[in-house]
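Take a look at the structure below.
Note that the structure is predicted; figures quoted are calculated from it, not measured. Residue numbers begin at 1 in each chain, while the letters A, B, ... track the order of the sequences.
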Amino acid sequence: MYLEARARAALTGVLSALRVPSPEQIPIERPPRPEFGDLTTRISYLLAKPMRKSPEEIARTLAAKLSEHPDFEQVRAERGFVNLRFRPEVVWETLRTILKQGDAYGRQALGKGKRLQVEFVSSNPTGPLTVGHGRQAALGDVLAELFSQLGWEVTREYYLNDEGRQIDLLAQSLWARYRQALGEDQPLPEGGYQGDYLIPIGEELARSWGDRYPEWDAEAQTVFRKQAVDRMMRMIKEDLEAIGVRFDVWTREGDLHRRGLVKETLEELRRRGAVYEKDGALWMRSTQYGLARDPVLVRSDGTPTYLMVDIAYHVDKYRRGFDRVIDVQGADHAEEQKQVKLALRILGLPEEFLDYCVHQFVTLKGGEGVERMSTRAGHFIRLGDLIRELGRDVVRYFMVMRRPESHLAFDYELAKKTSMDNPVYYVQYAHTRIASIFREAEKTGELPPAFSHPTELDLSPLTDPAELALIKELDRFPDVLVQAAGFAPHLLCEYLEGVAALFHPYYARVRVLGQGRATPARLALLAGVRLVLRRGLSILGVSAPEEM
RNA sequence: GCGCCCGUAGCUCAGUCAGGACAGAGCAGCGGUUUCCUAAACCGCAGGCCGGAGGUUCGAGUCCUCCCGGGCGCACCA
């Protein structure tokens, strides 16, 4: 970003000197090949029409003028592009500004003074978290952290659906397990929860309660509902802890009802003419607004649907003063999302208030087939088991290393490897190697009196192309964070792998310690690399180990 | 049937939002490298009509239309 700003400044100056109308946005990009320079602009293509000249000719004019600028070592007009290569002095200055910022490097003020809520996981308390929830947990947590880096005040929230039919079904399933533990041949209810995880809980309840609840009556229902939800939440919280996610706010569906919010929201929708009655139920007029169907808001038995409560919940989020809300959800909720957005529009909330980060499902590569996981059918892999096997770092990293809207084929064999084939270790090991050099430097007394005054560092020994390339890559970090926050955390993974991929060969080829004047300069470079790796990994919630 | 997402190297994926220079990475494959800050490494080679067909454009992996293949959704479930 530093280099881009310098290039932009230079280009703006030249355009006005040549009295060329500068377009709103001067495109400055990284060229596809290093031979084309550090940065490139295709501005000539944009100016070709208004100036009635060929891009090649414009590029030549711009290049001639730009080559007088002190920032550039080389300026070339090639096929209509203007390719820029910076003088090493400018690159060294870049490293100095990075080191000066220290741990603040990459932090930005884009969202300053604004409040953001990220709602994610929000898994129903009907079973332990699955691998699929793991993707959502990692995604939501990393997104939240990214926005926080960009200056937003972020709240992580979990919506807890602890009422309704699924919970009844769960409670009855647990009761059946309890009866089974007492030796009774009690079948699970139809459509009940078949997973093994209810068996030990049923056994435990049988031990402490004995035969106290022989019938599935009102009393048993109340008791088993509470018991089931409590036990499931305990499991879920354990799994969340294992993957390293902490929520600031837990909202229970029951609270929304108690506060009268659901009723109130329904009334408002009705007042705005978006509700009608049919077959004893209340429906929303979604088809009038171009959606495929009208959904039910209140069932004929008077209970609100999940959608109705969800709408009310989002109104509540708005009232709580958030400027923006991001819901991380699986692709199977697409229809629901359209309905909620429509309802909010009808209620007069701003269009940009709510955004969905939609992600596809996780399958296990190399496993038996690609069967979809289902909590109800008891067919799933527990997130907690995966973390115990692979570690939090690997699981978190693998969950966000692909674009959310792509299916994630979790490569278990690769995840299990502790070699640098595993991208997590590849990045972490770069950090470790640097840490090791600094430990060694301390021993040999080559560690300069800290890098607290980077302005005084003599970086001129950094002339190796790999050294300059590394600094230019470090310069991208703030920009990568902005891009990654656009629901694309995988870009941060790719970036970190790229930094590591520049560092490892450099490490293998160039010695840092015992190189006279070059040593402090190279240590400064390494300090910059270490800083960016540490910052990037920390945003992903992955550790940056000193040793491995 | 309708709607949304995906289809890029043997495999897993970037690049598609803002169209531009001979299409990138990792793994797998093949070949090489180790007196020195951890070889849990490094270097090199090979590998692709970017699912298909049209269209827009000076220029299309990228935009538009249609088709094919895969996933998801189309409940008074959540």
Side-chain angles (χ1 to χ4, degrees), chain A residues 25 27 29 31-33 35-36 40 42 44-45 48 54-55 78-81 83 122-124 126 161 164-167 169 191 253 278-283 291-293 295-307 309-310 330-338 358-361 363 365-366 370 372 375-376 401-411 413-414 417-423 425-426 428-429 432-441 443-444 446 486-488 490-491 493-494 497-498 501 504-515 519 522 526 547-548:
Chain A
Q25 269 236 306
E29 285 141 359
R33 315 165 71 79
E35 308 90 271
F36 297 150
T40 184
R42 55 186 165 81
S44 322
Y45 287 92
S54 73
E78 287 165 300
R79 304 190 56 164
F81 295 86
N83 296 331
S122 296
S123 164
N124 292 336
T126 54
N161 198 262
R165 302 174 177 207
Q166 293 306 315
I167 300 299
L169 215 48
E253 179 183 353
K278 194 182 82 182
D279 306 330
L282 296 179
W283 306 67
L291 293 196
R293 64 180 195 94
V296 170
L297 295 176
V298 180
R299 301 183 189 97
S300 47
D301 67 1
T303 58
T305 57
Y306 175 87
L307 172 66
V309 182
D310 204 19
D332 53 339
H333 286 65
E335 193 63 29
E336 162 91 3
Q337 292 159 8
K338 281 186 203 160
V358 179
H359 66 88
Q360 292 289 339
F361 302 108
T363 53
K365 190 192 168 196
V370 284
R372 198 181 158 194
T375 304
R376 208 176 318 187
M401 70 195 278
R402 305 291 180 222
R403 353 177 3 233
E405 57 268 38
S406 280
H407 287 269
L408 175 65
F410 196 101
D411 192 337
E413 291 306 316
L414 181 63
K417 282 191 190 174
T418 53
S419 70
M420 280 161 77
D421 293 344
N422 185 331
Y425 294 119
Y426 190 72
Q428 286 184 322
Y429 194 49
T432 306
R433 280 181 148 173
I434 296 173
S436 160
I437 292 178
F438 273 90
R439 277 197 303 274
E440 193 63 25
K443 273 189 231 156
T444 61
E446 288 179 87
F487 303 171
H490 67 285
L491 295 178
C493 297
E494 286 204 334
E497 286 165 42
H504 285 303
Y506 174 72
Y507 169 91
R509 179 170 60 83
V510 178
R511 232 188 123 68
V512 173
L513 300 181
Q515 306 301 305
T519 291
R522 287 180 186 161
L526 262 50
E547 320 179 47
M548 286 173 81

With rounding to the closest Å, how many angstrom separate the P atoms on rG29(B) and rC74(B)? 44 Å
Map Met401(A) and Lys417(A) onto RNA chain B by nearest heavy atom, then report which one ends up closer to the 5' terminus. Met401(A)
Between rC76(B) atom C1' and Leu307(A) atom CG, what is the distance in whole Å? 12 Å
Determine: side-chain N/O of His504(A) to OP1/OP2 of rC43(B), distance under 4.0 Å, yes or no. no
Atom C1', compared across rA25(B) and rU34(B): separation rounded to whole Å: 27 Å
Considering Watson-Crick and G-U wobble pairs with both distances under 3.5 Å, what does rC74(B) pair with? rG1(B)
Base partner of rG26(B), which must satisfy Watson-Crick or wobble distances under 3.5 Å: rC11(B)
Expressed as a whole number of Å, how far does the C1' atom of rC5(B) sit from that of rU16(B)? 14 Å
In whole angstrom, give me the gap between the C1' atoms of rA46(B) and rG52(B). 28 Å
With P as the reference atom in both, quote the distance from rU12(B) to rU8(B) in angstrom, rounded to an integer. 9 Å
Mind checking Arg42(A) for me? I need base, sugar-phosphate or nothing, with any heavy atom below 4.0 Å counting as a touch. base
Pick out which of Glu336(A), Glu253(A), Arg165(A), Gln166(A) makes a side-chain contact (heavy atoms from CB on, under 4.5 Å) with Tyr306(A). Glu336(A)
